[in-house]
Amino acid sequence: MSDAAIVPAAKTDVTTAETRVLHVVFRVDGADYALPADVVLQMESYTGATPVPGAKPFVAGIMQLRGRVVPVVDLRLRFGRPAAPLSADTRVVVGEAGGRAVALVADSAREVVRIAPSELAAPPQLVGDGTGSFVRAVAQHAGRTILILDFETLIGDEHG
Amino acid sequence: VHIDLREFRAAYLAEADEHLASANARLVEIDAAIRSGRQAPRDVRDLLRGLHTIKGLSAMVGVEPIVTLTHRMENALRGGLTVASMEPLFAAMRAIEVRLSALAKDEPVAEPPAALLAALAALEGESPAPAEVLELDPAIGEKLGASEREQIAHGVRDGRRLVRVDFAPTPARASSGLGINVVRERLERIGEIVKVVPVSGGPGLVFAILVLTSADDDAIASSVGIDASDIHPLSTTTPPPAPPSGDMASLLDDRDPNDDAPADVSRAVIRVEVARIDDAIEKLSGLVVTRSRLEREIEALAATGVVVRELDAIAAENGRQLKDLRASLLRLRMIPIASMFERLPFVVRGLAKTTHKDVALELDGGAAELDKTVAERIFPAILHLLRNAVDHGIEDPAERAREGKPERGTIRIACVARSNRDVEIVLSDDGRGVDAAAVARRAGVPTPTDSSGLLDLLCRPGFSTRLEADTTSGRGMGMDIVKRVVESLGGELFLDTTPGRGTVFRMSLPLSIAIVDAFSVRAGDDRFLVPVPTVDAIIDLTETPIVKGPGFDMIARHGTTVPVFDLRAALGLAPTGRTAAQALVVRRRRSDAVAFAVDRVVGQEETVVRPLADALVRSPGIAGSTDLGDGRATLVLDLVGLASRSMRAA
């Protein structure tokens, strides 16, 4: 939990012609996901949560972060992917919305990128279990596909 | 009648400790004043008062060495102070402290070192003329001890008058609010009470109060609210034969009617053991239970068609009163933060001395109050930060001079109530700041880009011990502990540091917290806490074996059958195959008891429970989470809720 990095407060880069928005990028089961930096409180290494019996199935438990007790959502379970063992790369990305702070477990997280609006497209209309609604937009950035997540939907319990 | 003084010892130690802490603080103030060529009459007076109280308390429980020390200190303080006076006074203060802690450990209390007593005696002024000037009623005179005679002699020498104020309590006076305590209080404002002697005079009891004062009879009479005829001068106002420190003596009596507020307040204060307050809070929970029973009965009554409007109104009023009462009781546990700071100047003085630094400590406790338990837990963390600030933050005078800073470093501790729920304690120094690059090199990681990352580095467990060898690069040991303490109280720690300019630590803390007494139980590899009040009994399963039934398991207890669930299974956790050794019987209000089998009850803890408010993790059977000091969240179980759920599922 020690190699934390607080994402800089500056969200936009005014030196470029268009307004690029700062995003935190993390990997889950081979795909790149991102959250706008302004919802991300911090990133921490992750050594496991305290399981909470009776919590939602995609919830790994709770953890203490700087004096707060926050729920931990395992993104693999949230996205219906197979669970993976913890590694030295495993990170939690802690976001906050509507007064709720929630930690998201990702396979790794070490990047911050600036994404321009022109790089964004609406997500393809997906059929299936509805987990696609977590994706707010898809970015084609520097030759990579990055799925922009909707934090509030992610921490909602409609899909539990 | 033999009274075992041991009974009073705990109370004595607590009270003496408190007076000693504020006496220490006063002495540090006096020291600072004297060194800058000023006198500190108000602090001297407060210190005298504190020492006098300690002396009285010590005499009561028979701790003669402390009586001797405080007595000599009082005399030395009355003798007029110079820079040279300070060392013996500080030494005497430490000697008292050492003896109090010996007493606390039930060890023998050593006599004061002769050299120290001699040094204190050397500070006393000329021995005053024997107290022959006094025309005392023998009935009163024989009640005066040597130290009181000496006090009188000193007072008279300093130019004050000794008067006897006679106060006869009567029903009429009592009904107008004039009792002996009020009279004492009022006299304290205009003079120094030497002794109160009850004497039987005329129709009833009369209190003869001996007072040293500069006020004349009329002033005494009007400020106390008695007749001038009840005031009998016992000494004349002969000018003092040039006291050793003239301004000192007069300043001692230079009482601004408004500046005695603390003394007045202290008269209206009583000392209560926290356990008694907690007992009252506990009893209150009984009332709350009774109230909910009452509400259920009213509902039942309403269901039969009875008009219960009046009853409803009464129950609602009762509910509001209980809530107010609870708030009042919780407020009783609050202590002023300023009082917690009182010992700090003494600590800084000692540290500055051993590190050969020049440090001024500025304290601003404000009016904020903190729950006693929070205060007790946070105090060591504040001490830690303070030590680090002196050890590593503040540079030595030569280095400061080179940097173009004043040679004397400043550490400031301030306290701000941010809201009615939070308080912020800010500890800042104007030292060298934390060298982030050096800290990162030590830790073998990239230099943090912001102060929060730097704080995390400093707070890595064990990290700072490695820094000990290189104190110039950062903070000393124990930052991880500081952070953990703050966070375990539900607070947050922040760092703000500027190289060369100084460091600021901010701690935000909740004003009060829910402290719960809980059993710590082990079930498989997991540890849980169970609040003590919900547990009726702990049953040893080796003596009372579990009976395996077809539907669920049972144990026999008091001639009844209690269903028993495996705790892990009830929580939906994987079984461990281990045999449970103990079962917790849960007290349920309206239903039968239920028991939960655990591997073992490992202990009992006082813990801070934080509720799990988020919908993602809210669960019946879980009351909240706590930090047992390992930085991880440990679940606090609601076994009553879990019992209901398990019974329904069974």
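Just so it is clear: chains get the letters A, B, ... in the order the sequence lines come, proteins before strands, and each one is counted from 1. Quick caveat: nothing in here was measured; it's all calculated off a predicted structure.
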Is [X] in contact with chain B via its backbone, its side chain, both, or neither, using a 4.5 Å heavy-atom distance?
X: A:V52; value: both
X: A:V72; value: neither
X: A:V73; value: side chain

Can you name the closest pair of heavy atoms from B:S619 and A:P53 and give their distance?
OG-O, 2.9 Å

To check you understand the geometry: which heavy-atom pair defines the closest contact between A:A55 and B:L616, and what is its length?
CB-O, 3.4 Å

For A:Y33, which residues count as a ring-ring contact (aromatic ring centres under 6.0 Å, His included) partner, sequence neighbours excluded?
A:F79

Less than 4.5 Å to any heavy atom of chain A: does that hold for the side chain of [X], its backbone, both, or neither?
X: B:L571; answer: both
X: B:T626; answer: backbone
X: B:L612; answer: side chain

Spatial distance of atom CD1 (A:I62) from atom CG (B:L635) [nearest 0.5 Å]:
5.0 Å

Checking A:R100 side chain against B:A615 main chain: does a donor-acceptor pair fall under 3.5 Å?
no

